[in-house]
Amino acid sequence: MNILGNLVWLVFGGLFSAIGYMIAGILLCCTIIGIPFGLQCFKIAGLVLWPFGRRVVTTDKSGGCLYILFNILWLCTGGLYTAVVHLFFGVLLCLTIIGIPFGRQHFKLAALSLAPFGKQVI
(Lines give C-alpha, C1' and ligand atoms only; values in the text may rest on other atoms or scores of the structure.)
Protein backbone atom coordinates (compact mmCIF):
# COMPACT_ATOMS: atom_id res chain seq x y z
CA MET A 1 0.00 0.00 0.00
CA ASN A 2 2.92 2.33 0.66
CA ILE A 3 4.12 2.00 -2.92
CA LEU A 4 0.64 2.62 -4.31
CA GLY A 5 0.15 5.66 -2.04
CA ASN A 6 3.56 7.04 -3.02
CA LEU A 7 2.86 6.63 -6.72
CA VAL A 8 -0.50 8.39 -6.45
CA TRP A 9 1.14 11.11 -4.33
CA LEU A 10 3.92 11.51 -6.90
CA VAL A 11 1.57 11.83 -9.86
CA PHE A 12 -0.84 14.27 -8.21
CA GLY A 13 1.58 16.96 -7.04
CA GLY A 14 4.37 15.33 -5.06
CA LEU A 15 6.86 15.62 -7.89
CA PHE A 16 6.17 19.33 -8.44
CA SER A 17 6.43 20.06 -4.71
CA ALA A 18 9.70 18.16 -4.46
CA ILE A 19 11.10 20.07 -7.44
CA GLY A 20 10.10 23.33 -5.72
CA TYR A 21 11.88 22.35 -2.52
CA MET A 22 14.95 21.24 -4.52
CA ILE A 23 15.13 24.57 -6.36
CA ALA A 24 14.82 26.44 -3.06
CA GLY A 25 17.57 24.25 -1.60
CA ILE A 26 19.89 24.91 -4.54
CA LEU A 27 19.28 28.66 -4.30
CA LEU A 28 19.92 28.66 -0.56
CA CYS A 29 23.12 26.64 -0.98
CA CYS A 30 24.55 29.33 -3.29
CA THR A 31 25.51 31.33 -0.20
CA ILE A 32 27.59 30.05 2.69
CA ILE A 33 25.09 31.31 5.24
CA GLY A 34 22.20 29.55 3.49
CA ILE A 35 23.79 26.08 3.29
CA PRO A 36 22.19 24.71 6.51
CA PHE A 37 18.79 25.95 5.34
CA GLY A 38 19.33 24.49 1.87
CA LEU A 39 20.12 21.10 3.40
CA GLN A 40 16.83 21.24 5.29
CA CYS A 41 15.04 21.97 2.02
CA PHE A 42 16.65 18.86 0.53
CA LYS A 43 15.48 16.84 3.56
CA ILE A 44 11.90 18.07 3.11
CA ALA A 45 12.11 17.44 -0.65
CA GLY A 46 13.04 13.81 0.02
CA LEU A 47 10.02 13.39 2.27
CA VAL A 48 7.73 15.20 -0.17
CA LEU A 49 8.89 12.91 -2.96
CA TRP A 50 8.13 9.62 -1.14
CA PRO A 51 6.17 10.25 2.12
CA PHE A 52 4.31 6.97 2.72
CA GLY A 53 6.17 4.51 4.92
CA ARG A 54 8.53 7.15 6.30
CA ARG A 55 8.41 9.02 9.56
CA VAL A 56 10.05 12.02 11.17
CA VAL A 57 11.91 11.57 14.45
CA THR A 58 13.79 13.95 16.71
CA THR A 59 17.50 13.18 16.81
CA ASP A 60 19.66 13.03 19.90
CA LYS A 61 21.61 16.04 18.66
CA SER A 62 18.56 18.30 18.73
CA GLY A 63 19.34 19.93 22.08
CA GLY A 64 21.86 22.48 20.83
CA CYS A 65 21.26 26.20 20.91
CA LEU A 66 22.14 26.52 17.21
CA TYR A 67 19.24 24.25 16.28
CA ILE A 68 16.89 26.46 18.28
CA LEU A 69 18.26 29.61 16.66
CA PHE A 70 18.10 28.09 13.17
CA ASN A 71 14.54 26.85 13.74
CA ILE A 72 13.50 30.36 14.80
CA LEU A 73 15.15 31.85 11.70
CA TRP A 74 13.52 29.16 9.53
CA LEU A 75 10.14 29.88 11.10
CA CYS A 76 10.43 33.62 10.49
CA THR A 77 11.65 33.36 6.89
CA GLY A 78 9.12 31.00 5.38
CA GLY A 79 8.71 27.97 7.61
CA LEU A 80 5.45 29.24 9.03
CA TYR A 81 4.08 29.85 5.54
CA THR A 82 4.96 26.36 4.29
CA ALA A 83 3.57 24.75 7.45
CA VAL A 84 0.28 26.64 7.06
CA VAL A 85 0.07 25.61 3.39
CA HIS A 86 0.62 21.94 4.29
CA LEU A 87 -1.90 22.25 7.12
CA PHE A 88 -4.48 23.78 4.76
CA PHE A 89 -4.07 21.02 2.19
CA GLY A 90 -4.14 18.39 4.95
CA VAL A 91 -7.49 19.67 6.23
CA LEU A 92 -8.81 19.97 2.68
CA LEU A 93 -7.85 16.40 1.84
CA CYS A 94 -9.29 15.04 5.09
CA LEU A 95 -12.75 16.22 4.06
CA THR A 96 -13.08 13.09 1.94
CA ILE A 97 -12.50 9.51 3.05
CA ILE A 98 -10.20 8.82 0.11
CA GLY A 99 -8.05 11.86 0.91
CA ILE A 100 -7.42 11.05 4.59
CA PRO A 101 -4.11 9.18 4.04
CA PHE A 102 -2.86 12.05 1.87
CA GLY A 103 -4.01 14.60 4.44
CA ARG A 104 -2.05 12.76 7.11
CA GLN A 105 1.07 13.04 4.97
CA HIS A 106 0.51 16.79 4.70
CA PHE A 107 0.25 17.00 8.49
CA LYS A 108 3.58 15.16 8.74
CA LEU A 109 5.10 17.62 6.27
CA ALA A 110 3.65 20.57 8.20
CA ALA A 111 5.34 19.41 11.39
CA LEU A 112 8.67 18.99 9.61
CA SER A 113 8.46 22.28 7.72
CA LEU A 114 7.68 24.14 10.94
CA ALA A 115 11.00 23.22 12.62
CA PRO A 116 13.25 20.97 10.49
CA PHE A 117 16.50 21.37 12.40
CA GLY A 118 17.13 18.50 14.79
CA LYS A 119 14.76 16.14 12.98
CA GLN A 120 15.56 13.13 10.84
CA VAL A 121 13.45 11.32 8.24
CA ILE A 122 13.50 7.54 8.62
> What distance do I72 atom CD1 and L75 atom CG have between them, rounded to the nearest 0.5 Å?
Replying inline: 8.0 Å
> Does F70 belong to the same Ile/Leu/Val/Met/Phe/Trp/Tyr cluster as I32, with side-chain heavy atoms less than 4.5 Å apart forming each link?
Replying inline: no
> Is the count of non-hydrogen atoms from other residues, nucleotides or ligands lying under 6.0 Å from R54 atom CZ greater than 12?
Replying inline: yes
> Are L114 and Y67 connected in the hydrophobic side-chain network, where two residues link if heavy atoms are under 4.5 Å apart?
Replying inline: no
>> For the backbone of F52 and the side chain of N2, can you confirm whether one donor and one acceptor N or O come within less than 3.5 Å of each other?
In response: no
> Hydrophobic cluster mates of V57, side-chain heavy atoms under 4.5 angstrom, ILVMFWY only, any path?
Replying inline: I122
List the atom pairs, donor and acceptor, that lie under 3.5 Å between side-chain atoms in residues 35-48 and the rest of the protein, sequence neighbours left out.
residue, atom, partner, partner atom, Å
Q40, OE1, K43, NZ, 2.7
K43, NZ, P116, O, 2.9
K43, NZ, K119, O, 2.5

> Apart from I98 itself, what residues make up its hydrophobic cluster when side-chain heavy atoms of I, L, V, M, F, W and Y under 4.5 Å apart count as a link, directly or indirectly?
Replying inline: none
> Do S17 side-chain atoms and G14 backbone N/O form a donor-acceptor pair below 3.5 Å?
Replying inline: no
Tell me which donor-acceptor pairs under 3.5 Å the side chains of residues 83-97 have, and how far apart each pair is, sequence neighbours excluded?
residue, atom, partner, partner atom, Å
H86, ND1, H106, ND1, 3.1
H86, NE2, Y21, OH, 2.9
T96, OG1, L93, O, 3.4
T96, OG1, G99, N, 3.1

>> I need the L112 CG to K108 NZ distance, nearest 0.5 Å.
In response: 10.0 Å
>> Please tell me whether I33 and L28 are part of a single hydrophobic cluster in this structure, the criterion being side-chain heavy atoms less than 4.5 Å apart.
In response: no
> With ILVMFWY side chains joined below 4.5 Å, transitively, what does I19's cluster contain besides itself?
Replying inline: I3, L7, L10, L15, I23, L27, L49, W50
